[in-house]
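Values reported hereafter were calculated over all heavy atoms of this structure, with side chains retained and with hydrogens, waters and symmetry mates removed. Below, read A as the first sequence line, B as the second, and so on, with proteins coming before strands; counting in each chain starts at 1.
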Number of protein chains: 2
Amino acid sequence: MEPRKALVDVVEKISSMMGEFEDKALNSDELSDLTVRQLYYLDIVKKLSYPTFTDLSEEIGVTKPTITTAVNKLIKQGYLKKVHSIEDRRVYNLLLTEAGKRVVDIHDKAHNDFALMISNCLNDQELNKVVEIFTKVIDCQ
Amino acid sequence: MEPRKALVDVVEKISSMMGEFEDKALNSDELSDLTVRQLYYLDIVKKLSYPTFTDLSEEIGVTKPTITTAVNKLIKQGYLKKVHSIEDRRVYNLLLTEAGKRVVDIHDKAHNDFALMISNCLNDQELNKVVEIFTKVIDCQ
DNA sequence: TATATTAATTAGATTGTACTAACTAAAATT
DNA sequence: AATTTTAGTTAGTACAATCTAATTAATATA
């Protein structure tokens with residue numbers, strides 16, 4: 001096969017495999033009362049670490065009322081907490097509860113599972129090559 | 001770094017890079033009147049080739065009324081056509097219009113762009129290694 | 001031929017996610 | 001001290017995507 005075409009082909013298949021791992025992780029029982037969107041909100045809260053409502057709304061790109069609604073629901077469901085800022089009493093900082101941390105970890109599980117699958121398919125030398133080559137891709141970008 | 005951890009790390013970063021390419025492809029002007037979900041419906045129509053409403057509903061995992069609504073909207077927007085089956089006059093087969101083919105191709109563009117980025121970052125020898133190793137992963141699964 | 005099954009549709013409701021506009025309370029500025 | 005700005009909320013709305021139940025029309029079966 002033409003090398004360029006072969007690469008696109010591999011990218012396509014790997015991407016759809018990753019998608020399947022994501023979907024499988026998302027079907028976990030513990031995630032059953034959360035939508036994909038809600039999980040995304042929780043991921044962003046983790047990523048930003050103790051964001052305010054405004055931080056969240058800027059990062060996600062939705063209005064503040066939308067954030068209020070979404071966050072309140074996640075608080076009611078027990079995945080988030082809001083704590084008053086000490087410096088400015090208008091402001092809240094958001095954090096994951098233990099349950100929140102747990103579901104974010106389950107979500108991350110997809111990557112672990114995928115990595116596990118790869119390492120089961122390859123020998124040590126190939127694994128090292130994969131890490132080495134993709135580190136180059138990541139750094140080059 | 002511990003090899004196992006390094007692999008998970010690489011998988012995580014590559015996966016989020018792929019996500020960014022997907023998002024960028026989705027922001028194309030031609031896709032602006034379509035939701036992600038609608039694009040997914042169009043992808044599945046292409047994948048199944050001339051599916052019936054029932055085929056679609058089974059593949060996507062939603063009820064037939066849902067498919068009727070979704071498909072009718074996509075027909076009205078000019079991305080799908082339905083044609084009567086010759087064998088069974090209750091049945092329709094679905095197909096992409098030219099506009100439908102175009103948007104599905106734009107969606108696929110993410111994979112091409114990602115592949116292009118990879119090939120710009122690596123030399124020929126590394127590229128061959130990537131294709132070789134991931135072909136092994138795909139076949140092993 | 002009458003009856004049951006199947007493919008798609010219609011009607012009506014629900015849920016999730018988003019918006020704008022108007023509001024409250026706190027902080028910053030004049 | 002009065003005014004403006006900022007952070008988050010409330011109220012009301014809209015739309016996408018889904019469902020169940022009932023319906024129509026064609027096909028298959030008893």
Side-chain angles (χ1 to χ4, degrees), chain A residues 23 26-27 30-45 48-96 100 103 107, chain B residues 23 26-27 31-45 48-95 100 103 107:
Chain A
D23 290 350
L26 253 40
N27 280 351
E30 284 208 70
L31 268 49
S32 58
D33 68 334
L34 286 167
T35 66
V36 173
R37 190 66 174 165
Q38 285 184 304
L39 216 41
Y40 175 64
Y41 275 71
L42 296 179
D43 276 341
I44 300 294
V45 169
L48 297 184
S49 75
Y50 309 108
T52 65
F53 283 74
T54 303
D55 293 340
L56 251 195
S57 108
E58 280 166 6
E59 176 74 17
I60 295 180
V62 296
T63 61
K64 286 196 268 183
T66 301
I67 295 294
T68 299
T69 317
V71 165
N72 282 340
K73 192 158 181 201
L74 287 166
I75 289 173
K76 195 175 287 173
Q77 287 175 286
Y79 298 111
L80 283 183
K81 263 187 297 206
K82 64 177 181 185
V83 297
H84 254 122
S85 154
I86 353 167
E87 301 114 46
D88 185 336
R89 294 190 47 218
R90 291 170 301 179
V91 173
Y92 293 97
N93 293 101
L94 296 166
L95 53 125
L96 297 170
V103 295
H107 188 202
Chain B
D23 290 349
L26 253 39
N27 280 350
L31 268 48
S32 59
D33 68 334
L34 287 166
T35 65
V36 173
R37 191 64 174 164
Q38 285 184 304
L39 217 40
Y40 175 65
Y41 275 72
L42 295 179
D43 276 342
I44 300 295
V45 169
L48 297 185
S49 75
Y50 310 107
T52 65
F53 282 74
T54 303
D55 292 341
L56 252 195
S57 110
E58 279 165 6
E59 176 74 17
I60 296 179
V62 297
T63 61
K64 286 198 267 183
T66 300
I67 295 296
T68 299
T69 317
V71 165
N72 282 341
K73 193 158 181 200
L74 287 166
I75 289 173
K76 194 175 290 172
Q77 287 175 287
Y79 298 111
L80 282 183
K81 264 188 298 206
K82 63 179 183 184
V83 296
H84 254 122
S85 154
I86 354 167
E87 300 114 46
D88 186 336
R89 296 190 46 219
R90 290 170 301 181
V91 174
Y92 292 97
N93 293 100
L94 296 166
L95 53 125
V103 296
H107 189 202

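- With Pro51(A) as the fixed residue, the side-chain contact (heavy atoms from CB on, under 4.5 Å) test singles out one of Ile60(A), Leu94(A), Ile67(A): Leu94(A).
- Scanning both residues, Asp33(A) and Gln77(A), for their nearest heavy atoms gives O-NE2, 2.9 Å.
- Across the interface with DNA chain C, nearest-nucleotide mapping of Ile86(A) and Val36(A) shows Val36(A) to be the residue nearer the 5′ end.
- To the nearest 0.5 Å, atom OG1 of residue Thr66(B) and atom OH of residue Tyr41(B) are 6.0 Å apart.
- A cation-pi arrangement is absent between Lys64(A) and Phe53(A) under the rule of less than 6.0 angstrom and at most 45 degrees off the ring axis.
- To the nearest 0.5 Å, the span separating NE2 on His107(A) from CG on Asp43(A) amounts to 5.5 Å.
- First and last contacting nucleotides of DNA chain D toward chain B (any atom under 4.0 angstrom from a heavy atom, 5' to 3' order): dA16(D) to dT27(D).
- To the nearest 0.5 Å, atom CG of residue Leu74(B) and atom NZ of residue Lys82(B) are 12.5 Å apart.
- At a non-hydrogen distance threshold of 4.0 Å, Pro65(A), Thr66(A), Lys73(A) from residues 64-80 of chain A come into contact with DNA chain C.
- Nucleotides of DNA chain C nearest to Ile60(A) and Asn93(B) differ in position, and the one nearer the 5' end is that of Asn93(B).
- Across residues 49-59 of chain A, Thr52(A), Phe53(A), Thr54(A) each have a non-hydrogen atom less than 4.0 Å from an atom of DNA chain D (numbered order).
- Separation of atoms OH (Tyr92(B)) and OG1 (Thr68(B)) is listed at 10.0 Å; rounding is to 0.5 Å.
- Atom CZ of Arg90(B) and atom P of dT9(C) are 13 Å apart (whole Å).
- A sub-4.0 Å separation between OP1 or OP2 of dG16(C) and a side-chain N or O of Thr35(A) is absent.
- Side-chain N/O atoms of Asp88(B) and Ser85(B) include no donor and acceptor closer than 3.5 Å.
- One distance of note links CG of Leu31(B) with CG of Leu39(B); it measures 5.0 Å at 0.5 Å rounding.
- Atom-to-atom distance recorded for Leu26(B):CG and Asp23(B):CG is 6.5 Å, nearest 0.5 angstrom.
- Proximity note for Tyr41(A) (side chain, C-beta onward) versus dT17(C), dT9(C), dA18(C): the nearest is dA18(C).
- Considering every non-hydrogen atom in both Gln38(A) and Leu34(A), the closest pair reads OE1-CA, 3.3 Å.
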